[in-house]
There are 2 protein chains.
Amino acid sequence: MKNRSIIKGKPITLDIPVELSCKCEYALLALLELAAQYNEGEPLQIRQIAAQQNIPDRYLEQLLATLRRGGLVKSQRGAKGGYVLAREPWKITLLEVINCLEGLEAKSSKEEVNHKTVESAVVQEIWQEAHQAANLVLQKCTLQTLCDQRVARRQLDIMYYI
Amino acid sequence: MKNRSIIKGKPITLDIPVELSCKCEYALLALLELAAQYNEGEPLQIRQIAAQQNIPDRYLEQLLATLRRGGLVKSQRGAKGGYVLAREPWKITLLEVINCLEGLEAKSSKEEVNHKTVESAVVQEIWQEAHQAANLVLQKCTLQTLCDQRVARRQLDIMYYI
DNA sequence: ATGAAACCCCAGTGAAGAACCGGAGTATAA
DNA sequence: TTATACTCCGGTTCTTCACTGGGGTTTCAT
């Protein structure tokens, strides 16, 4: 959004994105690997994850750094280092993951300083509603859920082969 | 997404956006005006709508053209021309509007030719679920709904003034 | 100790899209 | 016939996304 309607010198920004971008997908795939590895105790290295899930490693590095700052993974530096989940897989929801990556902290803080029109307020409300409906789904899904589904789907694929 | 993981020469694109962008908001605001005007029968001009809702008129022009091609509004050319809703306000859902603007026709057609990994399939599934939860909200909301809410909210604002 | 393996930080780049802007048309009511 | 309003097409600027690269620093193994 370049210059959304400057009213009386006050710019109003109005977008409420709910994205599963490439970034989020990469991060989720990486976390899925870490979740599968969680019981081993051994850290997984960026290179391994990147190779396994076909993700550019230097990019993945940045994403994992973000997840680390968000408290979702822990890192071990040096040789034999790598990444481990900071919590159990069933205690990390997908909502946490994407919030960490997209950085939605400053959302509607100080109850919307920018005085908007009645119309845009109405539009935004319904959108928030849709947004929250999506968030609810993501909140109920954890990394463990995804892991279980992965296993189930693999079994299914084997069935089809026979 | 620039170059998402080209596996064996086959690029895979994987984003499932659910955006309320500036574009959608502009369009909804314009449609809201048209919905309020619907009983009058007289068309509304781009200039009027743009001035009322503080939208750049040349940009709004493009959006209305898209909505026209999508069959949501009708246009009348020449002097005394303008735009009218193509249907009654309660027969136009918000989902239709954003689908028209974002152009989500080719979604999952031919059941996903690009063979994806088990992991990304699992991630995409849950995302689709979230996506549909949001869509359900938008499908249940029509332009009439927004109109009614606008009226209600205006009453509320008057109450606060006293 | 020392070197290699791994994470860490910061900066830049290229493509794509979003949000416009402008001009030259074309249809139509008065 | 003329002013009004839509229509089509192209360009411009700005931002973001998905990367890439160049330096580090920390830590384990020998």
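Please read all numbers here as calculations on a predicted model, not as lab measurements. Protein chains get the first letters and strands the later ones, always in sequence-line order, with residue 1 at the start of each.
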Can you measure [X] atom [atom1] to [N] atom [atom2] for me and round it to whole angstrom units?
{"X": "B:L67", "N": "D:dT7", "atom1": "CG", "atom2": "P", "answer": "12 Å"}
{"X": "A:Y83", "N": "C:dA5", "atom1": "OH", "atom2": "P", "answer": "18 Å"}
{"X": "A:I55", "N": "D:dC17", "atom1": "CD1", "atom2": "C1'", "answer": "16 Å"}
{"X": "A:Q76", "N": "D:dT25", "atom1": "CD", "atom2": "P", "answer": "19 Å"}
{"X": "A:I46", "N": "C:dC9", "atom1": "CD1", "atom2": "P", "answer": "12 Å"}

Side-chain H-bond candidate by donor/acceptor type, A:E33 with A:Q53, under 3.5 Å: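 The criterion, which ignores hydrogens and geometry beyond distance, is satisfied for A:Q53 and A:E33.
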
Donor-acceptor side-chain pairing of B:Q45 and B:Q48 below 3.5 angstrom: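 B:Q48 and B:Q45 do have a side-chain donor-acceptor pair below 3.5 Å.
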
What's the closest nucleotide to the side chain of [X] if the choices are [options]?
{"X": "B:K23", "options": "C:dG23, D:dC19, C:dA19", "value": "C:dA19"}
{"X": "B:R58", "options": "C:dG22, D:dA18, D:dT27", "value": "C:dG22"}
{"X": "A:Y59", "options": "D:dT7, D:dC19, C:dA18", "value": "D:dC19"}
{"X": "A:R77", "options": "D:dA29, C:dC8, C:dA19", "value": "C:dC8"}

Is [X] touching bases, backbone alone, or none of the nucleic acid, heavy atoms closer than 4.0 Å?
{"X": "A:E61", "value": "base"}
{"X": "B:L64", "value": "nothing"}
{"X": "A:R47", "value": "nothing"}

From B:W127 atom CH2 to B:S120 atom OG, the distance as rounded to the nearest 0.5 Å: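 Taking CH2 in B:W127 and OG in B:S120, the distance rounds to 14.5 Å.
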
Gap between atom NE2 of B:H131 and atom CG of B:L136 - 0.5 Å precision: 12.0 Å

Side-chain donor/acceptor of B:Q62 to base of D:dT7, under 3.5 Å: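 Not at all, since no donor on one side and acceptor on the other fall under 3.5 Å apart.
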
Salt bridge (Lys or Arg N to Asp or Glu O under 4.0 Å) between A:E119 and B:R154, worked out: CA-CA 9 Å; A:E119 289 78 16; B:R154 273 187 179 154; 3.1 Å; yes

N/O contacts under 3.5 Å, protein versus nucleotides 1-3 of chain D?
none

Presence of B:S75 side-chain N/O under 4.0 Å of D:dT7 phosphate oxygens OP1/OP2: yes

Phosphate OP1/OP2 of D:dT7: any B:R69 side-chain N/O under 4.0 Å: no

